[in-house]
> 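Please read through the structure below; I'll follow up with questions.
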2 protein chains.
Amino acid sequence: MPVKRPPRTRLSADERERHIARGAVAFFCEAGFGGQTRELAKRLGITQPLLYRYFPNKEALIDRVYREVYLNRWDPRWEEVLDDHSRPARERIIAFYREYAKAVLSYEWIRIFMFSGLRGMNLNSRYLTLVRDRIYTRVIRELRREHGLPSPAEVPIGEMEFELVWALHASIFYIGIRKWIYGLEIPENVDEVVENLATAFLDGVPAVMARALTPAAKAPRRAPRRRG
Amino acid sequence: MPVKRPPRTRLSADERERHIARGAVAFFCEAGFGGQTRELAKRLGITQPLLYRYFPNKEALIDRVYREVYLNRWDPRWEEVLDDHSRPARERIIAFYREYAKAVLSYEWIRIFMFSGLRGMNLNSRYLTLVRDRIYTRVIRELRREHGLPSPAEVPIGEMEFELVWALHASIFYIGIRKWIYGLEIPENVDEVVENLATAFLDGVPAVMARALTPAAKAPRRAPRRRG
DNA sequence: AATGCGGGTGATCGGGCGATAGATAGGCGG
DNA sequence: CCGCCTATCTATCGCCCGATCACCCGCATT
């Protein structure tokens with residue numbers, strides 16, 4: 001009685017390597033890096049030892065997954081959009097966040113990012129440092145300019161300003177966390193949500209930012225301050 | 001040559017049970033639920049089989065960790081603060097978020113919450129549904145009242161309004177993610193940051209919220225809308 | 001001092017999983 | 001059609017880890 005067995009499909013080394021890499025991304029996103037090589041092999045329709053022909057060990061496979069997901073995620077046009085002074089700052093910032101959300105709100109990115117953070121990789125901090133240096137600084141610079149505040153060259157960007165931009169970043173990223181980590185429902189029209197978040201940010205932040213830029217306002221903290 | 005061995009410390013069943021439970025929380029927070037029972041036992045200064053005298057298996061231990069962390073985290077006073085009409089809504093909302101941040105921004109909570117989410121538990125969605133029903137609805141109700149918008153009884157709370165409140169929640173929670181999952185530095189004075197986030201929220205959201213409440217404004221989406 | 005109860009330990013089992021080694025098959029150059 | 005090269009498979013090793021079992025020991029009771 002012959003066991004029903006999928007036919008041995010023979011690929012070139014390159015093809016098979018890419019095949020495994022793609023499968024590994026999908027698999028480890030879902031199962032976490034504790035996922036088993038046997039299970040991965042089963043999903044790929046190959047035997048488990050074959051993985052070891054292309055990757056010396058599991059760790060190498062995981063490294064490959066990181067590279068696959070982290071590289072090519074950064075879009076240089078983001079910086080261009082933020083620098084394009086032919087459009088109003090407000091419009092540029094909203095446009096950027098809409099693009100950014102599109103790139104970042106994916107099952108793979110959100111989960112790999114979390115898994116790598118929990119694993120103690122420093123990939124996250126490296127990536128986020130990049131975001132801060134390339135993106136946050138630009139957003140703050142444009143916001144300041146739009147509201148007639150001193151430029152970063154004149155007054156360096158303060159911790160609190162970064163925090164405010166972090167908040168917008170967080171509220172967008174968290175949409176992905178809700179969906180792909182908590183398994184919650186999220187609105188269908190994410191684009192519209194992101195646009196509204198950015199709008200609310202642009203409306204609400206400048207006042208706080210201006211206050212953070214005038215050192216005097218920092219002294220009395222406990223009393224609930226209303227505007228003015 | 002006698003091996004140096006910690007003396008066998010004998011506790012009452014109750015004490016030992018709590019001892020293990022506390023240790024398990026600390027351990028699994030750090031190592032994730034894939035952490036090994038032997039390692040846990042070593043940290044507790046006991047042998048691994050002793051764990052099984054108090055918990056039938058590893059899963060039960062993990063359940064206990066969940067209970068330990070999830071229960072007693074909810075503070076009923078939160079709702080009272082938000083309902084206390086003797087203070088201005090603005091002040092109440094800021095006060096609430098300051099309290100909430102204090103409860104939620106802890107190593108244990110942030111990491112257990114993430115781990116349980118990635119594990120596919122529905123604890124997260126249960127907890128967050130509670131937050132939405134008990135907190136978000138109140139925040140929105142008070143915000144609407146302060147700005148002369150119809151009450152939730154008159155016009156039910158819309159998806160977009162919830163999204164705006166989610167955003168504030170996210171920006172606070174994400175501070176913890178940055179610190180305890182990504183290992184990034186965060187400002188020393190988190191209280192002040194939270195207050196500023198809440199302030200920026202209160203300044204920026206009402207305009208967007210009012211727009212979301214008038215269905216006409218929803219039609220033209222693509223054109224960059226400036227205020228007014 | 002003898003006894004027994006219950007907290008604690010050492011030794012070990014059995015399955016799971018990463019990794020390896022040797023056998024097999026299928027296509028290509030000659 | 002032959003022989004070789006290499007992609008793939010079968011079988012298995014060795015360690016790790018959750019779980020179990022039989023035994024030990026110290027205190028309370030009598």
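Chain letters run A, B, ... following the sequence lines, proteins first, then strands; residues in each count from 1. Side chains included, hydrogens not; waters and symmetry mates left out as well; all remaining heavy atoms used.
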> Kindly state whether the ring of B:Phe173 and the ring of A:Tyr174 have centres lying under 6.0 angstrom apart.
yes
> In this structure, how many angstroms lie between the C1' atom of D:dT6 and the CG atom of A:Leu11, rounded?
13 Å
> How many whole angstroms separate atom CD1 of B:Ile20 from atom C1' of C:dG8?
11 Å
> Quick one, A:His169 and A:Leu128 - any side-chain contact, counting heavy atoms below 4.5 Å?
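Yes - at least one pair of side-chain heavy atoms lies under 4.5 Å apart.
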> Could you tell me whether B:Glu30 and B:Arg111 make a salt bridge, using a distance below 4.0 angstrom between a side-chain N and a carboxylate O?
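Judged by the 4.0 Å cut-off on N to carboxylate O distance, B:Glu30 and B:Arg111 do not form a salt bridge.
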> Taking the six-membered ring of A:Phe162, is the NZ or CZ of A:Arg132 close enough (under 6.0 Å from the centre) and on axis enough (within 45°)?
yes
> Are A:Phe28 and A:Tyr66 an aromatic pair by the rule of ring centers under 6.0 Å?
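When the ring centroids of A:Phe28 and A:Tyr66 are compared, they turn out to be at least 6.0 Å apart.
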> Examine C:dG6: is either OP1 or OP2 under 4.0 Å from a nitrogen or oxygen in the side chain of B:Arg10? Give yes or no.
no
> Specify the separation, in whole Å, of atom CZ of A:Arg16 and atom C1' of D:dT8.
8 Å
> Let me know the distance between CD of B:Glu39 and P of D:dA19, rounded to the nearest Å.
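In whole Å, D:dA19 P lies 17 Å from B:Glu39 CD.
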> Mind checking if A:Phe55 touches a base, just sugar-phosphate, or nothing, with heavy atoms under 4.0 Å?
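Here A:Phe55 touches no strand at all.
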> Please enumerate all protein N or O atoms sitting under 3.5 Å from an N or O of nucleotides 18-21 of chain C, with distances to 0.1 Å.
residue, atom, partner, partner atom, Å
C:dG18, OP1, A:Lys58, NZ, 3.0
C:dG18, OP2, A:Thr37, N, 2.9
C:dG18, OP2, A:Thr37, OG1, 2.7
C:dG18, N7, A:Arg38, NH1, 2.7
C:dG18, O6, A:Arg38, NH2, 3.0
C:dA19, OP2, A:Tyr52, OH, 2.7
C:dA19, OP2, A:Lys58, N, 2.8
C:dA19, N7, A:Gln48, NE2, 3.0
C:dA19, N6, A:Arg38, NH2, 3.4
C:dA19, N6, A:Gln48, OE1, 3.0

> Between atom CG in B:Leu50 and atom C1' in D:dC25, what is the gap in whole Å?
14 Å
> Under 4.0 Å from OP1 or OP2 of D:dT8: is there any side-chain N or O of A:Tyr54 that close?
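Looking at the OP1 and OP2 atoms of D:dT8, one of them is under 4.0 Å from a side-chain N or O of A:Tyr54.
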> Checking all strands, does B:Arg53 fall into the base, sugar-phosphate, or nothing category for heavy-atom contacts under 4.0 angstrom?
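Since a base atom lies under 4.0 Å of B:Arg53, the category is base.
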> Determine, using ring centers only, whether A:Trp78 and A:Tyr97 are less than 6.0 Å apart.
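Centroid separation for A:Tyr97 and A:Trp78: 6.0 Å or greater.
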